[in-house]
Amino acid sequence: MTRAEDAVRTIRDLRAQVAVWRDAGERVALVPTMGAIHAGHLSLLAEAKAKADRVVTSLFVNSLQFGPREDFQAYPRDEAEDAAALAAGGSDLLYAPESSEMYPPGFSTKVRVGDLTEDLCGAARPNHFDGVATVVAKLLLQCAPDITIFGEKDYQQLLVIKRLVRDLDIPVEIAGGAIVREDDGLALSSRNAYLSPAERKIAPVLYQTICNVAADLEQGRGADDASAAARFKLEAAGFRVDYVAVRNPDTLEALHGPVKDARVLAAVHLGKTRLIDNLPVPSQAR
Ligand code: PAF
């Protein structure tokens with residue numbers, strides 16, 4: 001499937017195709033996206049292909065997960081280009097529903113995952129994770145894949161989706177895909193396209209700074225101390241900092257002193273662009 005006009009637009013057509021594969025005994029993966037496809041998405045697709053016989057990719061810019069002053073209107077949209085990139089990456093089917101298919105008139109149900117969503121990006125972006133949980137629950141029910149893959153760059157999102165699936169008994173396996181980075185360390189993101197050339201030069205300081213936090217923690221520095229130093233460094237480099245935090249990697253509970261097993265997470269603004277990144281401690285294959 002190579003062309004945007006070949007995309008499946010309705011739940012009915014999506015289910016019909018998935019049923020054909022199921023009847024043939026094939027294992028189906030879903031890779032949900034909002035488009036603006038880059039190498040990070042393609043690595044999720046490659047992982048999906050390694051774990052399933054058929055891969056459905058979805059493309060839906062989900063209005064529900066954007067705040068009123070966020071970039072829903074400006075979010076990069078080029079369906080033909082995305083369709084070609086996903087097809088070249090091995091997607092068997094592109095599911096690109098219209099907003100009226102996803103949220104028909106009268107739509108009024110929201111899915112809210114408590115607890116994990118209240119802090120970090122949830123504090124900075126109220127209702128964001130309700131929008132994510134609602135659309136992901138719908139995509140999983142629409143497609144009914146065996147496995148679905150989400151990038152670790154949105155680490156809090158990945159944990160929220162794992163909790164959603166567990167709490168609602170949705171029968172799907174969830175895999176996390178490793179963060180893909182530019183040579184200078186900047187995590188790939190559709191929003192990197194918003195950075196001016198001057199901001200793009202500063203942006204890798206985010207990754208360098210969280211690497212320093214991870215290294216400090218591995219050397220026994222306390223979590224509060226290491227994250228305070230990182231905030232200072234980021235502000236000095238010109239970022240507006242939403243948070244730099246050291247958290248339990250499963251529950252996202254705050255950690256304060258020396259840590260053994262943790263996740264360093266950060267969210268910053270550079271001009272009009274919001275960037276997020278995270279790293280495990282200990283470092284694994286960093
Ligand atoms: O990570 C994203 O691109 C989106 O949040 C997702 C999971 C596709 C839901 O809209």
Side-chain angles (χ1 to χ4, degrees), residues 7 11 14 29-45 47-48 55-67 70-79 81-83 85-86 89 91 93-99 101-103 107 109-113 116-117 120-122 124-143 145 147-165 168 170 172-180 187-194 265 267 273-278:
I11 300 164
L14 171 66
L30 171 67
V31 180
T33 84
M34 296 205 300
I37 299 304
H38 53 64
H41 297 110
L42 297 178
S43 82
L44 302 181
L45 183 49
E47 191 161 341
V55 182
V56 177
T57 45
S58 64
L59 192 175
F60 182 68
V61 185
N62 176 35
S63 55
L64 232 55
Q65 69 188 74
F66 290 79
E70 292 185 353
D71 54 344
F72 175 65
Q73 297 301 341
Y75 201 80
R77 288 170 176 83
D78 186 338
E79 189 182 305
E81 198 174 301
D82 287 342
L86 291 167
S91 169
L93 179 77
L94 177 61
Y95 173 51
E98 298 296 340
S99 187
E101 180 75 358
M102 191 63 80
Y103 301 124
F107 180 85
T109 300
K110 297 268 168 60
V111 179
R112 176 168 176 75
V113 177
L116 275 175
T117 61
L120 303 173
C121 285
R125 305 181 69 190
N127 305 322
H128 167 68
F129 287 117
D130 298 357
V132 171
T134 302
V135 83
V136 170
K138 285 176 66 75
L139 287 166
L140 293 176
L141 293 167
Q142 290 167 358
C143 178
I147 181 167
T148 179
I149 323 250
F150 295 88
E152 284 187 350
K153 190 183 72 79
D154 297 289
Y155 189 78
Q156 187 176 11
Q157 169 175 280
L158 175 62
L159 293 188
V160 167
I161 291 166
K162 284 184 177 166
R163 183 72 60 89
L164 160 79
V165 160
L168 295 186
I170 301 177
V172 67
E173 183 185 331
I174 299 190
I179 299 175
V180 180
L188 294 196
S189 163
S190 305
R191 292 191 167 98
N192 293 350
Y194 301 152
L265 304 110
T273 311
R274 188 171 188 272
L275 301 172
I276 59 174
D277 204 345
N278 67 87

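For ligands, and for the atoms within them, numbers begin at 1 and follow the listed sequence.
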Between [atom1] on residue [X] and [atom2] on residue [Y], distance to nearest 0.5 Å:
X    : Y    : atom1 : atom2 : value
L42  : S91  : CG    : OG    : 10.0 Å
I11  : L141 : CD1   : CG    : 10.0 Å
L59  : L86  : CG    : CG    : 7.0 Å
D154 : L159 : CG    : CG    : 11.0 Å
Y155 : N278 : OH    : CG    : 7.5 Å

Enumerate, one pair per line, all nitrogen or oxygen atoms of ligand 1 lying under 3.5 Å from a protein nitrogen or oxygen, stating the separation to 0.1 Å; write 'none' if no such pair exists.
unit_1, atom_1, unit_2, atom_2, d
ligand 1, 1 (O), Q157, NE2, 2.9
ligand 1, 5 (O), Q65, NE2, 3.0
ligand 1, 5 (O), Q157, OE1, 2.7
ligand 1, 10 (O), Q65, OE1, 2.7

Hey, mind stepping through Y103 and N62 against side chain to side chain donor-acceptor pair (under 3.5 Å) and telling me if it holds?
-> CA-CA 10 Å; Y103 301 124; N62 176 35; 2.6 Å; yes

